[in-house]
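Everything below concerns the one structure shown next.
Source: prediction; values computed, not measured. Every heavy atom of this structure was used, including side-chain atoms; hydrogens, water molecules and symmetry mates were not.
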Amino acid sequence: MTRALAWTALGAAFLACGRVPEAQLRDEQSRARHYRDAYETELGENQSLRKRLATAERRPQTCPSNEASAPAKPADAAPK
């Protein structure tokens with residue numbers, strides 16, 4: 001009777017221990033999936049930004065004239 005009880009307890013402990021690594025494996029796979037998804041999202045965003053930058057660099061640069069970029073003079077200022 002005691003041997004049967006010991007084997008039962010040992011079997012139950014073995015089964016319980018067998019579940020822990022599975023849970024840890026699922027957690028590790030979940031974390032890896034999360035990091036992979038984040039990496040792929042970041043990679044897609046970087047590629048999109050590089051395309052936008054390349055498009056912007058190909059466009060001709062138009063600079064506003066100095067008069068347009070100068071601050072406006074107040075209307076009540078008298079000329080000197």
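- When the shell of 6.0 Å around CZ of R31 is examined, it contains more than 12 heavy atoms from other residues, nucleotides or ligands.
- Considering CZ of R26 and CD of Q24, their distance stands at 10.5 Å, rounded to 0.5 Å.
- The other members of the hydrophobic cluster of Y39, by chain and number, are L43 (side-chain heavy atoms under 4.5 Å, ILVMFWY only).
- The side chain to side chain contact (heavy atoms under 4.5 Å, CB included) search around R50 returns none, not counting sequence neighbours.
- Under the rule for a side chain to side chain contact (heavy atoms under 4.5 Å, CB included), the partners of R59 that lie at least two apart in sequence or sit in another chain are T55.
- Contacts of D37 classified as side chain to side chain contact (heavy atoms under 4.5 Å, CB included), with partners at least two apart in sequence or in another chain: R33, E40.
- Remark: L25 CG to E28 CD distance equals 8.0 Å, nearest 0.5 Å.
- With sequence neighbours excluded, the residues forming a side chain to side chain contact (heavy atoms under 4.5 Å, CB included) with E57 are L53, listed by chain and number.
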